[in-house]
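Take a look at the structure below.
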Amino acid sequence: MKRMLDRRALVSALALAAAVTPVAAAPSASSWSRDSKSAVRLVRGGFDGKVHRAGVEITLDPGTKTYWRTPGDSGVPPAFDWAGSDNVADVAIAWPAPMRFPDGNGFSIGYKTSVIFPLTVTPKTPSRPVRLVLKLDYAVCDQICIPAKAAANLTLSPGPADPAMAAALAGFEARVPRSQAEGLSLALESVERGGEHPVLVLRAGVDAAVAADLFVEGPDSRWVLPLPEPVDTAGAERRFRLVMDGVPRGTEPLGQELTFTLVSGARALEARLTPR
């Protein structure tokens, strides 16, 4: 009888110890993957029962920059490879609003200091953790452009994310251009014909107290359009001129849908317009 009581006491003690032993929290970020003048990691932002919020964070040495999906007159856009991931049905990448940089005789488009590319990760089986595996090819530039590579992996689990990490990710999510942004608007004012290339004049409604910029992308990667040129730089209404150069050979420059990104301070608008 005493031996049976001792055994029951031991089982009870083990169960109590398991109950009070804290479970290790899932990591909120991967290890940094370092390359020349930069480093990359994956970060975790939380799970709503259907999709995971996550991000690709790049930090850059002072004086360097990396590139947006459309890099401008020079540069290389980042290329994300998720092929090694497990329990992933889809990874959707969002692009925070960029800025333009003087680059020799032209301008490039991208980011300085740091950037987090927000991710929406859809698991194949929501009840199971996701193992997110990234291979990234990108470029870091100061006076010259240096190809860079990174590799990172992170388990995305249903547990809560670190509040500081979630807040940092939310800050870059807020910088992703929206189809509707309070106080911002963009319209095609006129089309100038008669020159070597048509010229679009665009009217932008912006925050009068801050600088504004405009970027353009064609229907596909064959289009290499120049950056719109600001006509005026003050007031709540700004105008930009876009020379329709860089259109694929044999393609009519008008009648095609263009994607514009209007940036005004911390807010950004994405608008699709079809000049005719």
Using residues 255-267 as the side-chain source, report each donor-acceptor pair under 3.5 Å to any protein atom, sequence neighbours left out, with the distance given to one decimal.
{"from": "Thr259", "atom 1": "OG1", "to": "Arg272", "atom 2": "NH1", "distance (Å)": "2.9"}
{"from": "Ser264", "atom 1": "OG", "to": "Asp207", "atom 2": "N", "distance (Å)": "3.2"}
{"from": "Arg267", "atom 1": "NH1", "to": "Glu182", "atom 2": "O", "distance (Å)": "2.0"}

Using the salt bridge (Lys or Arg N to Asp or Glu O under 4.0 Å) criterion, which residues pair with Arg128? Sequence neighbours excluded.
Asp86

For Arg222, which residues count as a salt bridge (Lys or Arg N to Asp or Glu O under 4.0 Å) partner, sequence neighbours excluded?
Asp220

Okay, side chain of [X], backbone of [Y]: is any donor-acceptor separation there less than 3.5 Å?
| X | Y | answer |
| --- | --- | --- |
| Arg44 | Pro160 | yes |
| Ser28 | Met165 | no |
| Ser30 | Leu154 | no |

Validation row: [X], [Y] side chains within 4.5 angstrom (heavy atoms):
| X | Y | value |
| --- | --- | --- |
| Leu119 | Leu132 | yes |
| Leu269 | Leu186 | yes |
| Thr66 | Pro78 | no |
| Glu217 | Phe215 | no |
| Arg276 | Leu254 | no |
| Leu60 | Thr113 | no |
| Leu273 | Leu202 | yes |
| Pro129 | Asn87 | no |

Gap separating the [atom1] atom of [X] from the [atom2] atom of [Y], nearest 0.5 angstrom:
| X | Y | atom1 | atom2 | value |
| --- | --- | --- | --- | --- |
| Leu156 | Arg53 | CG | CZ | 12.0 Å |
| Met244 | Arg193 | CE | CZ | 11.0 Å |
| Leu200 | Glu192 | CG | CD | 9.0 Å |
| Asn153 | Ser85 | CG | OG | 9.0 Å |

Do you know which two heavy atoms are closest between [X] and [Y], and how far apart they sit?
| X | Y | result |
| --- | --- | --- |
| Arg175 | Ala268 | O-CB, 4.3 Å |
| Ala161 | Ala166 | CB-CB, 4.5 Å |
| Val140 | Ser38 | CG2-OG, 3.5 Å |
| Pro198 | Val191 | CB-CG1, 4.4 Å |
| Ser108 | Tyr67 | CB-CE2, 3.5 Å |
| Ile93 | Trp82 | CD1-NE1, 4.0 Å |

Donor-acceptor list for residues 227-237 side chains, cut-off 3.5 Å, not counting sequence neighbours:
{"from": "Asp232", "atom 1": "OD1", "to": "Arg239", "atom 2": "N", "distance (Å)": "2.7"}
{"from": "Glu237", "atom 1": "OE2", "to": "Arg239", "atom 2": "NH1", "distance (Å)": "3.3"}
{"from": "Glu237", "atom 1": "OE2", "to": "Arg239", "atom 2": "NH2", "distance (Å)": "3.3"}

Sorted by chain and residue number, the ring pair (Phe, Tyr, Trp, His ring centres under 6.0 Å) partners of Tyr138 (sequence neighbours excluded) come out as none

Ring pair (Phe, Tyr, Trp, His ring centres under 6.0 Å) partners for Phe117, two or more places apart
Phe80, Trp95, Tyr111

Is Arg69 atom CZ crowded by more than 12 heavy atoms from other residues, nucleotides or ligands, each under 6.0 Å away?
yes

What do you reckon, is CD of Gln143 surrounded by more than 12 foreign heavy atoms closer than 6.0 Å?
no

Quick check on the hydrophobic clustering: are [X] and [Y] connected, directly or via other members, by side-chain heavy-atom contacts under 4.5 Å?
| X | Y | answer |
| --- | --- | --- |
| Ile116 | Leu136 | yes |
| Phe240 | Leu184 | yes |
| Val206 | Leu242 | yes |
| Val176 | Leu42 | no |
| Val121 | Val51 | no |

Applying disulfide bond (SG atoms under 2.5 Å apart), which residue pairs with at least one partner in [range] are found, sequence neighbours left out?
| range | answer |
| --- | --- |
| residues 78-174 | Cys141-Cys145 |
| residues 146-262 | none |
| residues 61-116 | none |

Pairs satisfying salt bridge (Lys or Arg N to Asp or Glu O under 4.0 Å), at least one member in residues 138-158, at least two apart
Lys37-Asp142, Asp137-Lys149

Under the salt bridge (Lys or Arg N to Asp or Glu O under 4.0 Å) definition, can you give me all pairs with a residue in residues 88-107, not counting sequence neighbours?
Arg100-Asp213

By side chain to side chain donor-acceptor pair (under 3.5 Å), which residues pair with Asp48, not counting sequence neighbours?
none

